[in-house]
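Down below is the structure, laid out as structure tokens.
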2 protein chains.
Amino acid sequence: MNSKQEFIEKLRNSSLRPTKQRINICEVLFNRDKTFHFTINDLFNLIKDKTGEKVSLATVYNTVHAFHKKGYLKEIPINSNQTYFDTNVTDHHHFFDVKEEKLIDLKNEDVGPIEIQKSIPGKKIKSVEVLVKLED
Amino acid sequence: MNSKQEFIEKLRNSSLRPTKQRINICEVLFNRDKTFHFTINDLFNLIKDKTGEKVSLATVYNTVHAFHKKGYLKEIPINSNQTYFDTNVTDHHHFFDVKEEKLIDLKNEDVGPIEIQKSIPGKKIKSVEVLVKLED
DNA sequence: AATCTTCTTTAGAATAATTATAAACAACGA
DNA sequence: TCGTTGTTTATAATTATTCTAAAGAAGATT
Ligand SMILES: [Mn+2]
Ligand SMILES: [Mn+2]
Ligand SMILES: [Zn+2]
Ligand SMILES: [Zn+2]
């Protein structure tokens with residue numbers, strides 16, 4: 001487990017001070033095999049569970065938004081009372097299991113290229129995201 | 001303007017009593033040339049402006065959800081603090097102008113068919129929606 | 001190492017969208 | 001008209017998120 005040093009550097013390179021709290025959040029978010037989807041509350045609980053240390057809710061919000069701004073996290077647009085984030089910041093699409101309130105990644109090849117045949121003067125495309133809602 | 005009778009029937013057919021408030025909301029939502037996108041607060045203000053009568057915010061919420069449940073309105077998934085609704089309940093996609101916080105319809109032919117090449121056991125696809133975010 | 005500056009964390013308050021409550025009211029059917 | 005049931009409304013409650021300001025920690029300067 002040598003990730004701690006990497007996270008410290010990553011934070012420094014982002015002009016974010018490597019605090020104990022931020023390093024713990026990095027461990028929970030980025031020290032894992034697969035990317036994952038979470039809400040602030042999910043993360044808040046995971047930190048306690050996985051690191052044994054409590055980080056205040058305000059800090060979780062602050063840090064998630066800092067990481068989001070730096071491009072280390074992505075926000076997923078779905079209708080939910082809570083905001084969903086994704087550690088997979090590449091362009092990709094999602095299933096959303098409405099009943100379980102769970103996001104599942106779709107690879108780009110599972111969807112195929114999407115060509116938008118319309119443009120709005122003065123505006124350019126920032127992202128194209130497909131959301132596939134699932135029911136039983 | 002003979003729409004009022006139609007709305008009364010529409011409401012009766014949906015086992016919703018045709019109250020003054022609901023008819024006013026129907027006029028604002030459905031008595032127009034083009035479909036449109038709105039938030040609850042947009043609608044609340046439009047009702048006052050267009051009908052001259054005030055409907056309580058609680059009733060606006062109640063009615064929008066009743067219409068949504070009946071399939072007369074669609075919820076658009078975007079990351080916003082407010083929920084966006086659409087009077088266009090057909091399958092279609094959207095631009096979202098992030099700066100202006102405005103939705104713009106995309107015709108299906110502007111996007112092309114989307115074939116999802118992955119399936120989740122026990123689940124079926126309920127909807128496939130594309131959201132194209134726009135920036136300046 | 002001591003000091004200074006700047007950034008960060010935190011508890012708690014504030015905000016804002018939405019939902020719940022329950023009493024007054026209106027629509028409907030008998 | 002009367003009784004029943006559904007609806008509206010003001011207001012309170014809830015909940016996610018943001019704000020505030022004081023205490024603490026990190027980094028730079030001596
Ligand atoms: Mn994802
Ligand atoms: Mn639309
Ligand atoms: Zn953010
Ligand atoms: Zn609804």
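Throughout, protein chains are lettered first and strands after them, A, B, ... in sequence-line order, and every chain is numbered starting at 1.
- Using modelled atom types and a 3.5 Å distance limit, the side chains of A:Thr87 and A:Tyr72 yield no donor-acceptor pair.
- Transitive grouping of hydrophobic side chains (ILVMFWY, heavy atoms separated by less than 4.5 Å) keeps B:Leu131 and B:Phe85 in distinct clusters.
- The nearest whole Å value for the distance from the CG atom in B:Asn81 to the C1' atom in C:dT15 is 11 Å.
- Annotation: cation-pi pair A:Lys54/A:Phe44 absent, no NZ/CZ under 6.0 Å from the ring centroid and within 45° of its normal.
- Residue B:Ser3 comes nearest to B:Asn31 through the heavy atom pair OG-ND2, 3.5 Å, listed as atom of the first residue, atom of the second, then distance.
- Taking the six-membered ring where the residue is Trp, B:His37 and B:His94 present perpendicular rings, their angle passing 60° and hence far from 30°.
- Within a heavy-atom distance below 4.0 Å of DNA chain C, the residues of residues 49-77 of chain A found are A:Lys54, A:Val55, A:Ser56, A:Ala58, A:Thr59, A:Asn62.
- As a whole-Å value, the separation of A:Gln82 CD from D:dT15 P is 11 Å.
- Residue B:Arg12 places none of its side-chain N or O atoms closer than 4.0 Å to OP1 or OP2 of C:dA27.
- A:Thr39 comes within 4.0 angstrom of nothing in the nucleic acid, heavy atoms only.
- Remark: C1' of C:dT18 and CG of A:Asn79 are 13 Å apart, rounded to the nearest angstrom.
- Contact check of residues 13-22 of chain A against DNA chain C (heavy atom, cut-off under 4.0 Å) returns A:Leu16, A:Arg17, A:Thr19, A:Gln21, A:Arg22.
- To the nearest angstrom, P of C:dC7 lies 16 Å from CG of A:Leu11.
- If you chain together ILVMFWY residues whose side-chain heavy atoms come under 4.5 Å of each other, A:Ile116 ends up grouped with A:Phe95, A:Ile104, A:Leu106, A:Val111, A:Ile114, A:Ile120, A:Ile125, A:Val128, A:Val130, A:Val132, A:Leu134, B:Phe95, B:Ile104, B:Leu106, B:Val111, B:Ile114, B:Ile116, B:Ile120, B:Ile125, B:Val128, B:Val130, B:Val132, B:Leu134.
- Put simply, CD1 on B:Ile8 is 12 Å from C1' on C:dA27, counting in whole angstrom units.
- Note: CD1 (B:Ile23) to C1' (C:dA27) measures 11 Å, nearest angstrom.
- Shown are B:Lys126, B:Lys124, B:Lys123; of these, the salt bridge (charged side-chain N to carboxylate O under 4.0 Å, His left out) with A:Asp97 is made only by B:Lys123.
- Straight-line distance from the NZ atom of A:Lys48 to the P atom of C:dT10: 13 Å, rounded to whole Å.
- When the options A:Thr90, A:Asp86, A:Asp91 are evaluated for a side chain to side chain donor-acceptor pair (under 3.5 Å) with A:Asn88, the one that passes is A:Thr90.
- Side-chain atoms of A:Asp42 come within 3.5 Å of backbone N or O of A:Thr39 as a donor-acceptor pair.
- Contact between the side-chain N/O atoms of A:Thr83 and the OP1/OP2 oxygens of D:dT17 is found at a separation under 4.0 Å.
- Going from atom CD of B:Glu101 over to atom P of C:dA17 covers 11 Å, rounded to whole Å.
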